[in-house]
Each structure stands twice: as structure tokens, then as C-alpha cells.
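Throughout, protein chains are lettered first and strands after them, A, B, ... in sequence-line order, and every chain is numbered starting at 1. All values derive from a computational prediction rather than experimental measurement.
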Protein chains: 2
Amino acid sequence: MSIRDGILALLQERPSYGYRLRAEFEQRTGATWPLNVGQVYTTLGRLERDGLVESAGEDAEGHVYYRCTEGGGAQALDWFRTPVSRLDRPRDELAIKIALAVRAPGVEALEVIQRQRSETISSLRDLTALKRQGGEEEVGWTLIVDAMVFQAEAEVSWLDHCEARIRSGLPDPGSNEPDRGGDVSPRPAAVAERGGKTDE
Amino acid sequence: MSIRDGILALLQERPSYGYRLRAEFEQRTGATWPLNVGQVYTTLGRLERDGLVESAGEDAEGHVYYRCTEGGGAQALDWFRTPVSRLDRPRDELAIKIALAVRAPGVEALEVIQRQRSETISSLRDLTALKRQGGEEEVGWTLIVDAMVFQAEAEVSWLDHCEARIRSGLPDPGSNEPDRGGDVSPRPAAVAERGGKTDE
DNA sequence: CGCCACGTGCATACCTGGTATACATACTGA
DNA sequence: TCAGTATGTATACCAGGTATGCACGTGGCG
């Protein structure tokens, strides 16, 4: 319910209209996940249906304003107050993929892991570059990029962990070439220097 | 598309029917995210519509079997081969919440962070307990629990990071009570001892 | 001037993920 | 015998997400 609650939180600050809500949401969260306008209108409709927001008429330019009702404001504050549980998170597609790959016939789990690690390390580079160029402008955006960096680093660690467990668990039953040489991505080690850079 | 592709991957191993697919999926991934049966049937319908699976008739007990078509098998292998990008991941509700909280009037971002950290550390304890009791049974399940542990640890680190940035960025403009005393959760420090325990 | 592209703003259709529920059958135990 | 439970299939409904259509205004350009 992150979009619904996010829009509700924005409306709790001040009344607004669809297009501007989208702009505000993207400005605060940094266009990391671009928000489709259509999503805003359907969400506003549902919020109005549930009595959390109400229409506040149009202004001179024809913008359809919505404002938070009392119940809506309470729910927005409640959303901030309630921590998100680990249980109500979406499924981790990568975890599922690896879990299925370790047993799937015709699929080399180690190759899947290596390919994924390359991809993740690559996006990690992009993220640090992004962080370097984009300055202090918007606090929320910086924090979100940091969140993705932390998650990507954890992902790399986990992939290493998976590889170690698989290698130890089934020490190459078919062929005996424990070091595939060429396409094996190098050990991370130089993944990021997050601790220092961020707080300067 | 994790469910769709996951079911396709299972069918690529061998033909099966709805209820058993759900059981297999949960067995491999560890019932971490319990999969609703209804989801399986709607997904099977869509896969059949798209020509990736085909009905293979019923057996003596009346089980409606599905089998992978050629195209479906190719797509399943393709799913394993293609790494998941950072871009096509679902929005991180927690990141959005924090990003909006830092500016929202009437919301103390630091309190939100502290509450969340308590929650995350708590679930981290649950996860390590889970890992300790559940033995080596299923490889995939162990890896998925590990993935959640790594993510939760990264989340705690990120929350600390957020707190530090907020404290340095806005050194208590309104009220001057930098230490709220009682309900402030203690520093983590004893979060987990993942490095050693996992590989024993 | 007329037209075209573009930004802004609203609305809808459609797909997937996710949950609940209905419904049927078979086994099991009080 | 009847209730409860496990197995199995199917459908309805909601929310998230994307694409698209439609309208309006403005500014450029032949």
C-alpha cells in the first residue's frame, strides 16, 4: 500500500491535485521509481471511496483538488507510526530464482549467481556515480539511493554466501573443474566505500 | 513476474497440476511467502493463454495436469539466465516512508526510524532462531532465510545511516532535547553473528 | 495565420500479484 | 452419523503498474 499511503501522506500536508501529487511524490522520492499519473487518479478515487480524502473543488485553472479528511489524516500519521513488517514485503524474485535454480535440471545455479553478481555490482557502480553527481538537493532522494546501495551490497554478500554454500554442499559431482576460469566474475572486494563517502 | 516464472520453471522440470505446484513451490522456497492456491490457477490460465504451457489432461484422481510447451521451456531457461535488474524491483515501502517522513509536518522522522529499527532487529532475531531450528533439510529455503537476514541487516545499517544524516543535517531546530531518553531503542551492536554461524 | 509539437492535466483499459471465498470430494475420528 | 480437516479446482475482487486516449494551452515555425 505504499502508493496509497504515500499520496495520503502528501495530502495530509496540504490539499493538492493529481498531477502535482505525482510531481511532489517523485521529487521527494527522487524519480527512482517513476510514478505513473494514471496510478495517482485511480488511487485518489479509491481514497475518496474509502472516505480518507474528499474533493475540494477546482481552482481557476481547472485543477481538481483533493483534501485529506480527518480519518485520512489519522491514517497517514498511523502509517508513519507503524513499522513495516518483514512479512508483508513483496516476494524477492531473486531469492526465488536462486532457490529454484539449485535444483532445476539443465540450470547451473552457480552461473545464475555469477551473472547476477555482475549485474548487481554494475548497478552498484551506477548508484555511487548517481550519488556523487546529485548533490545535497533533496534529502529523501539521497536516502533512497543510499537504501538501494545498502541493499545491493547485501545482495552481493548474499550471492557470495550462496556460492560458498553450494560449492561446499555439492562439490562438483558431474565435472571436476572447480575454477571455471574466464567468465567467473572477480571477487567483489572493491564494491563500495560507503562508510566514508556518505557523511563528508 | 516471479510467480509466473516460478511456476513455469517448475513445469519445465516435469508436468504437474495446480495443488502440487503450490506445494512444490512452497517446499523449495520454504513457505516464507505462502503462495495462495488461487494464484496458481489464474497463473496457469494465463500461461496457457500465452502458449507457454498446455493442458495434459486429467489422471485417474481427476488432477488437471499441465505441461510446458517448447516456448515455455525456453522462456523458463531464459528467466534463469537473465539477471534481475535493480530497476524492475518493486517500490521499497520503507524507503518511501522515511523519505516522506523527513519533510512531513507533525511527523518525527527519527521516531519513525527508531520504531522501525526495533521492528527489524526483532524480526532478525526471529530469523536467526528460525535458521537454528530448521536444519539442512531444503537448500533453497535456507538460502532464502539467509537472504532475508542479509537484507534485514542492511536495513538496520541503513536506518543508522539515515539517523546520522538527519541528526547532522538538521541539528534539532525546534526543541533542544537531543536525547529523548526512555523509548529510544538501544544501539544495535548485537544484531547478528552471521559470518560464523551459517557455515558450520 | 495555421499547424504541429509539447507540456499539463484528467481518465480509462488492461494486465499481474495477492487474498478470500465458494465448492466438491475424501478421509478421519468423536 | 456427522463434524472437521486435507486435497483439489475455480472464481470474484482489490491494489499495484503500465499504456493509452483525450482535452487544453502555449510556443515555435513555415
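OP1 or OP2 of dC14(D) has not a single side-chain nitrogen or oxygen of R49(A) nearer than 4.0 Å. Side-chain N/O atoms of R46(A) include none lying less than 4.0 angstrom from OP1 or OP2 on dC14(D). The phosphate of dC10(C) (OP1 or OP2) has no side-chain N or O of Y17(A) nearer than 4.0 angstrom. Side-chain nitrogen and oxygen atoms of R4(A) include none within less than 4.0 Å of the OP1 or OP2 phosphate oxygen of dG16(D). Here R89(A) does not reach the OP1 or OP2 of dG18(C): none of its side-chain N or O atoms lies under 4.0 Å away.
For T42(A), taking side-chain heavy atoms from C-beta onward, the closest of the listed nucleotides dT12(C), dT11(D), dT16(C) is dT12(C). When the nucleotides dG8(D), dG17(C), dC10(C) are ranked by their closest atom to the side chain of H63(B), dG8(D) comes out on top. Listed nucleotides dA11(C), dG8(D), dA20(C) differ in distance to N36(B); the shortest reach to its side chain belongs to dA20(C). Considering only the side chain of T43(B), dG17(C) comes nearest among dT16(C), dG9(C), dG17(C). Nearest to the side chain of Y41(A), among dC10(C), dT16(C), dT19(C), sits dC10(C). The Q39(A) side chain lies nearest to dT18(D) when the options are dG18(C), dT9(D), dT18(D).
Between E93(A) atom CD and dG17(D) atom C1' the separation is 15 Å, expressed in whole Å. At whole-Å resolution of the value, CG in D92(B) and P in dG16(D) are 15 Å apart. One can place CG of D50(B) at 10 Å from P of dC15(C), the figure rounded to the nearest angstrom. Put simply, CG on L21(A) is 14 Å from C1' on dT8(C), counting in whole angstrom units. Rounded to whole Å, atom P of dC6(C) lies 14 Å from atom OH of Y19(A). The interatomic distance linking L44(B) (CG) with dG8(D) (C1') rounds to 13 Å, in whole Å. Look at CD on E26(B): it is 13 Å from P on dG18(C), rounded to the nearest Å. Protein atom CG of L8(A) is 13 Å distant from nucleotide atom P of dA15(D), rounded to whole Å.
No contact: R20(A) has no heavy atom under 4.0 Å from any strand. If you check every strand for non-hydrogen atoms under 4.0 Å, S2(B) touches sugar and phosphate atoms only. Among the protein residues, V37(B) comes within range of the nucleic acid bases, having at least one heavy atom under 4.0 Å from a base atom. G38(B) comes within 4.0 angstrom of a nucleotide base, judged by non-hydrogen atoms across all strands. Across all strands, R22(A) comes closer than 4.0 Å to no nucleic acid atom at all (heavy-atom distances).
Salt-bridge annotation for E119(B) and R115(B): absent, with no side-chain N of the basic residue lying under 4.0 Å from a carboxylate O of the acidic one. No salt bridge links R81(A) with E111(B); every basic N to acidic carboxylate O contact stays at or beyond 4.0 Å. Note on E13(A) versus R28(A): salt bridge recorded, some NZ/NE/NH1/NH2 to OD/OE distance being below 4.0 Å.
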Candidate pair T120(B) and Q116(B), rule side-chain hydrogen bond (donor to acceptor under 3.5 Å, both in side chains), full reasoning
CA-CA 6 Å; T120(B) 306; Q116(B) 181 66 47; 3.2 Å; yes
query = Run the side chain to side chain contact (heavy atoms under 4.5 Å, CB included) check on L44(B) and L21(B) step by step: do they pass?
reply = CA-CA 10 Å; L44(B) 282 173; L21(B) 282 169; 4.0 Å; yes
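By the 30° and 60° cut-offs, the orientation of the rings of Y17(B) relative to H63(B) is parallel.
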